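For reference, the structure is listed below as structure tokens.
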Protein chains: 2
Amino acid sequence: MDSQDNETTYHAGKYRTPDGAPADIVIFTITSTEKQGTKKSLPHRELQLLLIKRKQWPFAGQWALPGGFSRETETVHECARRELLEETGVADVHLEYFNVYSTPKRDPRGWIISHAFFALVNEKYLEKRRAADDAAEVRLFPVREALSMELAFDHRQIVQDALRRIREKMLTTTIAKQFLPGQFTIGELYQVIQTVCPDFEEPNFIRKITSTQSRKGLIEEVKDAAGQPLMSNKYSQRAAQLYCFTGLEPQLSIYS
Amino acid sequence: MDSQDNETTYHAGKYRTPDGAPADIVIFTITSTEKQGTKKSLPHRELQLLLIKRKQWPFAGQWALPGGFSRETETVHECARRELLEETGVADVHLEYFNVYSTPKRDPRGWIISHAFFALVNEKYLEKRRAADDAAEVRLFPVREALSMELAFDHRQIVQDALRRIREKMLTTTIAKQFLPGQFTIGELYQVIQTVCPDFEEPNFIRKITSTQSRKGLIEEVKDAAGQPLMSNKYSQRAAQLYCFTGLEPQLSIYS
DNA sequence: GCAATAGTGTCTCTTAGACATTATGTG
DNA sequence: CACATAATGTCTAAGAGACACTATTGC
């Protein structure tokens, strides 16, 4: 041990250093399209993700995740937030880090370690952007379609990992609220969960979520100023009770 | 868009690049020490983590997480695996990535983005190493004590985040097995969970884990060659049934 | 026979899960 | 009055949660 080591004897340049630390963002949204027919009905929902067509080498012309290099003056999280704002024009959305990708030679430009985030964006924020699309260089793709495409870099793997992660979080946290309006019907909530997790099925869903003691408090009925239950008949003839999330985040356990 | 961009016109050196991408590892273990007294009893267990005393600038003389810079020829995960082997001499342990730390100026040596892992090491693997300690430059600290110390860099924050993460995973996955022998008693399992999650309490633990249908299959009774239940009286006069994990990883949901 | 852990009996109230049924109101 | 969604009724079997109780055996 050389206790005389200090700032003046430290040589930072001894080793090879990375050529960049970008943030890449898997931006998810759920689109809803009205079903054909005159009767009121729930819309068709689909999980989509936003891709951009690369303009430069490498992978020019191929679809890729939005992202960009982080700077010395910001965290990678701030970088992702900045890129998200540039790509979608939205600031206040759920943005979460989930993994690092550092396989050697994953990027032909050099030693580039990518930090992957996912964002959950309500479709209402993306509507303005849609109109401003510059010749389809930015587009939403249904998740299944995106996974069947040949994406730039290792972005297919990143998308797959992100999808696995949000499927897990959809069932264990309240991220469903990111895809819903502040007030929603049980039917909408159920549909959003199923859109992300196709295997989810719960015949007595409404009872579990509203009257089971262990889950009580997760969502609550919305009432108007007079204390009367607020209803909506947007999707059905019979009006449905509106609910909102309470902010409670349940702790799960396999042992109890 | 300049479609003529290609490898020959790409200039990697235009921007400032990071000065390093290390992996830091929060190595957890649970020590068990025999209680005083002649009667057979469960040991006292304590969650500990391994720290090293820094020899060089910066933070020379202060305790820090083990770790080291990753190389261009390896992933950060491989780097962490390598460092773990160097520090503890063990290879086959649970090692998991959990976060990135990139706050500007977090490291006085420059722009250094750290990748944080946690490792769960059974104390039996650390026993050899303990003897080989070179003048207490490597030591186990009880988690509470480590969190009250002034650690190098932002390592206190990293430890806190790691602790929160393993507490969550202790209750939602079967990582408890990392701290247990292949065959264990219900009492041991219960104690390991409580050592990591002090708030965990489950009066009817044995019944839930062995006879509740929804949890059946998580662990199973160990039987000998003749099909007789294998028991252990290591901790008690009355022999206890030995169990092992089955490999099943339950999927939890707040909606069902 | 005490200490320390292992494990069972028993009781009440709640929940799970399955299915059938009723409610609503517009086209 | 058909349709699509919303919500309730009803039943059985299973589980939660509490607490008292028995079991084992080295010391």
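Quick note on labels: first sequence line is chain A, next is B, and so on, each numbered from 1. Note that the structure is a prediction, hence the values are computed from the model and not measured.
- Side-chain N/O atoms of A:Q157 and A:D161 include a donor and acceptor closer than 3.5 Å.
- Evaluation of atom-type donor-acceptor distances gives no pair under 3.5 Å for the side chain of B:N204 against the base of D:dA16.
- In this structure, the CE atom of B:M231 is 9 Å from the P atom of D:dT25, given to the nearest Å.
- Taking side-chain N and O atoms only, A:K234 has no distance below 4.0 Å to OP1 or OP2 of D:dT5.
- The distance between atom CZ of A:R238 and atom P of D:dC1, rounded to the nearest whole Å, is 21 Å.
- Within residues 248-256 of chain A, no residue has any heavy atom under 4.0 Å from DNA chain C.
- The distance from atom OH of B:Y235 to atom P of C:dA6 is 10 Å, rounded to the nearest whole Å.
- When distances are taken from the side chain of B:S41 to each of D:dT5, D:dA4, C:dA4, the shortest belongs to C:dA4.
- The side chain of A:S236 contributes no N or O atom lying less than 4.0 Å from OP1 or OP2 of C:dG25.
- D:dA6 atom P lies 11 Å from atom CG of A:L242, rounded to whole Å.
- For the atom pair CG (B:N99) and CG (B:D24), the distance works out to 12.0 Å, reported to the nearest 0.5 Å.
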Quiz: residues 243-256 of chain B side-chain donor-acceptor pairs under 3.5 angstrom, not counting sequence neighbours:
from	atom 1	to	atom 2	distance (Å)
B:T246	OG1	B:G217	O	2.4
B:T246	OG1	B:L218	O	3.2
B:T246	OG1	B:L248	N	3.3
B:E249	OE2	B:T174	OG1	2.3
B:Q251	NE2	B:E249	O	3.2
B:S253	OG	B:Y255	N	3.0
B:S253	OG	B:S256	N	3.4
B:S253	OG	B:S256	OG	3.4

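- The only option from B:Q48, B:R45, B:E123, B:H44 that meets the side-chain hydrogen bond (donor to acceptor under 3.5 Å, both in side chains) definition with B:T31 turns out to be B:Q48.
- Rounded to whole Å, the distance from CG on A:L42 to P on D:dA6 is 5 Å.
- Considering A:N122, A:V121, A:L126 in turn, A:N122 is the only one that fulfils the side chain to side chain contact (heavy atoms under 4.5 Å, CB included) rule with A:K124.
- Remark: A:T185, A:G187 in residues 176-187 of chain A come within less than 4.0 Å of DNA chain D through at least one heavy atom.
- Using a 4.0 Å cut-off between a side-chain N of Lys or Arg and a carboxylate O of Asp or Glu, A:R82 and A:E86 qualify as a salt bridge.
- For the pair A:Q194 CD and D:dT5 C1', the interatomic distance rounds to 14 Å; values are reported in whole Å.
- Rounding to the nearest 0.5 Å places CH2 of A:W63 at 10.5 Å from CG of A:L151.
- In this structure the side chain of B:Y190 reaches within 4.5 angstrom of the side chain of B:E202, judged on heavy atoms.
- To the nearest angstrom, P of C:dA23 lies 16 Å from CD1 of A:I206.
- Note: CG (A:N233) to C1' (C:dA23) measures 14 Å, nearest angstrom.
- The pair B:E188-B:K234 does not count as a salt bridge, with every side-chain nitrogen at least 4.0 angstrom from each carboxylate oxygen.
- Contact of A:R207 with C:dG17 (side chain to base): no donor-acceptor pair of N or O atoms is detected under 3.5 Å.
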